[in-house]
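Report on one structure; see the data block that follows.
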Amino acid sequence: MNDSPLNHSGDISAPYLAGLNAPQREAVLNTEGPVLVLSGAGTGKTRVLTTRLVHILSTQRAWPSQILAVTFTNKAANEMKGRISAIIGRPVEGWWLGTFHALAARILRANAEQVGLKPNFTILDTDDQLRLVKQLIQAENLDNQKWPSRVVLGIIERWKDRGLTPERVTRAEQAEVASGRILDIYRDYQARLATLNACDFGDLLLHNIELFQKAPEVLLKYQQQFKYILVDEYQDTNVAQYLWLRLLAQGHRNLCVVGDDDQSVYGWRGAEVENILKFEQDFPGAKVVRLEQNYRSTPHILAAASGLIAKNAGRLGKTLWTERAEGEKVRVTSAWDGEEEARQIGEEVEALQRKGHNLREVAILVRAGFQTREFEERFITLGIPYRVIGGPRFYERLEIRDALAYLRLVNQPDDGLAFERIVNTPRRGLGDSTVRRLHDLARAQAISLPEAARRIVETDELKPAARRSLAGLVQDLARWRGLAETMDHGALAEIVLDESGYTEMWKQDKSIEAPGRLENLKELIHAMEEFENLGGFLEHVSLVMENAESGDRDQLTIMTLHGAKGLEFDIVFLPGWEEGLFPSQRTLDENGLKGLEEERRLAYVGLTRARKIAYVSHAANRRVHNQWQTGLPSRFLAELPPEHIERRDNQTFHRGQSRMFNPGLSEGRWTGASYMQRTARKPPPTIDATAVVAAESPGRYASGAKVFHQKFGYGAVVSAEGDKLEIEFDKAGRKKVMAGFVVPAHEAG
DNA sequence: TCGAACCAGTTTTTT
DNA sequence: ACTGGTTCGA
């Protein structure tokens, strides 16, 4: 079936093709050979993806089992499933449609022995990973202060993202981090995972790759099976995922990747924009389709976003256009501090409400999680219903992880990490010293921790009390395992939590969270009932667990820019556009220009979420970690094309504002940490209009001039450079301050 | 073994 | 300011 799809006259008139524009059709109909679909924001990407799958299926090019469709998130996978089943009129069954990790896990379960795992291997959660790494750091006598487990795990994960097993980490690279000590940890870590019959998320991919290399016949089988491969959000793939795809795609070479290089915002966790940038080289003869017609935003929003992203170098380049009516310009406002910014947005939201806008269609997109607080506080006082997306997930909660640890132990008797987690929860008098003993024994005998427990209770190694207690636990576990043979897993879970005393522990607990935790445990058991067996449930938990979506009530959404990728709203507020916060100083420090470009893409993502109106704002002062900082307007503000934005400065602030915008922000004159200065501890007062007006005439502060600052009090100018003053304050010491925020001392009042 | 006292580190997040 | 982790003393 290698002739052009266009020869199939039936294709063109198929009902599912109706309403697609020309490039979209091309993306759907070019089924053979490598295809790169560059889909800008709001160009109907998901529609193209699903239609393409339906097309392949309904022209009988392949069976569902011969199509591999890969997404990053379960949400995306579920959405795709839902849309496909809506078109084909039956549930999506027998498809290979899922996340990279879920699909890789499926392949790995079927071939686990080939890479030294048992098919019932455990997939570790982040918590397990961290505890493991911490143990290894201590065992290696590495300075825990200098190398916190989170950092070490991060390094290991970045290596894994790049497909580097310990043997493949280069010398140069290992020398960079703690003279190779981290590599030792990495090696230990992998060894421990092997003995635990466990793997982490990165391993799912790496073991697949190893499997494919070790067992070419297995690879061949999958290569032949997957006639068509489809990848969503290709710009977010890391090297390991790329290698995995490349291996699988070498059979039929029908690889279609969809993505947008301008929306690559996950570099910090290993994504490589380069994957999408070099797709045409990797897959010679690749057909490139550009989806550029935007169906989402107004021309002003689109132009503002396009103008901004045009500052990035090394793009594949797209020109988004729309047939939509002009709409409104992007509104830019300023505030004295974060509180005022929240107040302004709150007022605007109320105004929108009065105009009849549904709050479901309003979102506030922030750079960092801590920014949500100010808005929450404001909305509570105003009585505006809201929801914050991105809190702790159900399966990350303490009580859920504990309960799961019990269940994992029933499912996999040698799960050492689960054992360690619950050995003294609830309290059983089995503290550090006992656990250390178990570890020693386990290491000496090369057995698992639970196995060590099973053996040690047969000896007089432990004190009678500890021995009795541990023996009780060992017996319980064995008994539960026996029950698992015959009993429904939901009922079993209840018994386990009951008999272990875990439920009782929370009933006794008088803290305010305890009732909620008991609720969650009930919910957990409820969730289990939907699964065939315990193993299936645990797999689901580690790989496929979703946040329970709160219903679509009439409430506005607060979330991070990262979280908003792929979503859209009528009205979007983008607060906190200040140097240091957005672009984030840390990204700038760590990744330089590359980091800046990623931040800019994030800004682009934010703007393009809006269908009708986008509000951008910044505050001159902001409390971060309870310290007041003075922030300059983000350079991204200066990069928005002026003809597509509308300044909506409130009157008190207007004059000071214009000063803040002007001085050559886009010239990159100021770099690094000087963008944000740490200032005093007390909150800034509301702005005094006279102060701003007074500062209007430039150059009036000569060295030595006495000035007054709202926050710092009186001081003398040390030096002045344009708008930036360095001032020796009487009380607050030497600070760098914008001229707009001081008045001559004699005018202070 | 456990609670109180102290101390460091605070972006983004999925699987 | 707050949290989570570690350390120290009872």
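Computed from heavy atoms alone, side chains included, the values below leave out hydrogens, waters and symmetry copies. Numbered from 1 within each chain, the chains take letters A, B, ... in sequence-line order. For clarity, every value in this text was computed on a predicted model and none was experimentally measured.
Contact annotation: A/Asn74 reaches the phosphate of B/dT15 (side-chain N/O to OP1 or OP2, under 4.0 Å). Between A/Lys134 and the phosphate of C/dT6, there is a side-chain N or O to OP1/OP2 separation shorter than 4.0 Å. Remark: A/Thr560 is in phosphate contact with B/dT13, judged by side-chain N or O atoms under 4.0 Å from OP1 or OP2. Between A/Arg623 and C/dA1, a side-chain N or O to OP1/OP2 separation shorter than 4.0 Å is absent.
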Report task. Applying ring pair (Phe, Tyr, Trp, His ring centres under 6.0 Å), run through A/His562 and A/Tyr266 and close with a yes or a no. Result -> CA-CA 8 Å; A/His562 284 93; A/Tyr266 284 110; 5.3 Å; yes
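At a non-hydrogen distance threshold of 4.0 Å, A/Arg367, A/Ala368, A/Gly369 from residues 366-380 of chain A come into contact with DNA chain B.
Of the candidate nucleotides B/dT13, B/dT15, B/dT11, B/dT11 has the atom lying nearest to any side-chain atom of A/Glu590. Listed nucleotides B/dC2, B/dT13, B/dT15 differ in distance to A/Asn424; the shortest reach to its side chain belongs to B/dC2. In this structure, the nucleotide among B/dT14, B/dT11, B/dT1 sitting nearest to the side chain of A/Ser433 is B/dT1. When each of B/dT11, B/dT13, B/dT1 is scored by its nearest atom to the side-chain atoms of A/Tyr266, the top-ranked nucleotide is B/dT13. Checking B/dT11, B/dT12, B/dT15 against every side-chain atom of A/His562, the shortest atom distance belongs to B/dT12.
In this structure, A/Phe72 does not pack face-to-face on the six-membered ring of B/dT14, missing the 5.5 Å centre cutoff or the 30° plane limit.
Using a cut-off of 4.0 Å between Lys/Arg side-chain N and Asp/Glu carboxylate O, A/Glu374 and A/Arg378 are scored as not salt-bridged. A salt bridge links A/Arg622 with A/Glu341: the distance from a Lys NZ or Arg NE/NH1/NH2 to an Asp or Glu carboxylate oxygen falls below 4.0 Å.
Between A/Trp268 atom CH2 and B/dT11 atom P the separation is 12 Å, expressed in whole Å. Atom-to-atom, CG of A/Leu581 to C1' of B/dT10 comes out at 14 Å; the value is rounded to the nearest Å. Whole-Å rounding puts the A/Leu538 CG to B/dT15 C1' distance at 16 Å. The interatomic distance linking A/Lys160 (NZ) with B/dT15 (C1') rounds to 13 Å, in whole Å. Taking atom CG of A/Asp161 as the reference point, atom C1' of B/dT15 lies 11 Å away to the nearest angstrom. Computed from coordinates, the A/Glu599 CD to B/dT11 C1' distance equals 8 Å when rounded to whole Å. In this structure, A/Glu157 atom CD and B/dT12 atom C1' are separated by 15 Å, rounded to whole Å. Atom CG of A/Leu153 is separated from atom P of B/dT14 by 16 Å (rounded to the nearest Å).
Partners of A/Tyr186 by ring-ring contact (aromatic ring centres under 6.0 Å, His included), not counting sequence neighbours, listed by chain and number: A/Trp159.
Ranked by how close their nearest DNA chain B nucleotide is to the 5' end, A/Gly431 and A/Ser584 are led by A/Gly431. Along DNA chain B, the nucleotide nearest A/Gly429 and the nucleotide nearest A/Glu598 are compared for position; the residue whose nucleotide lies closer to the 5' end is A/Gly429.
Judged by distance alone, with hydrogens and angles left aside, the side-chain atoms of A/Ser264 form no donor-acceptor pair with the main-chain N or O of A/Asp261 at under 3.5 Å. Distance alone, capped at 3.5 Å, places no donor-acceptor pair between the A/Asn424 side chain and the A/Arg427 backbone.
A/Gln138 comes within 4.0 angstrom of nothing in the nucleic acid, heavy atoms only. Residue-level contact check: A/Leu124 touches neither bases nor backbone, having no heavy atom under 4.0 Å from any strand.
Results of the side chain to side chain contact (heavy atoms under 4.5 Å, CB included) test with A/Ile456 over A/Asp440, A/Thr434, A/Leu441 single out A/Leu441 as the only residue that passes. Checked against A/Asp262 for a salt bridge (charged side-chain N to carboxylate O under 4.0 Å, His left out), the options A/Arg601, A/Arg315, A/Lys311 give a single hit: A/Arg315.
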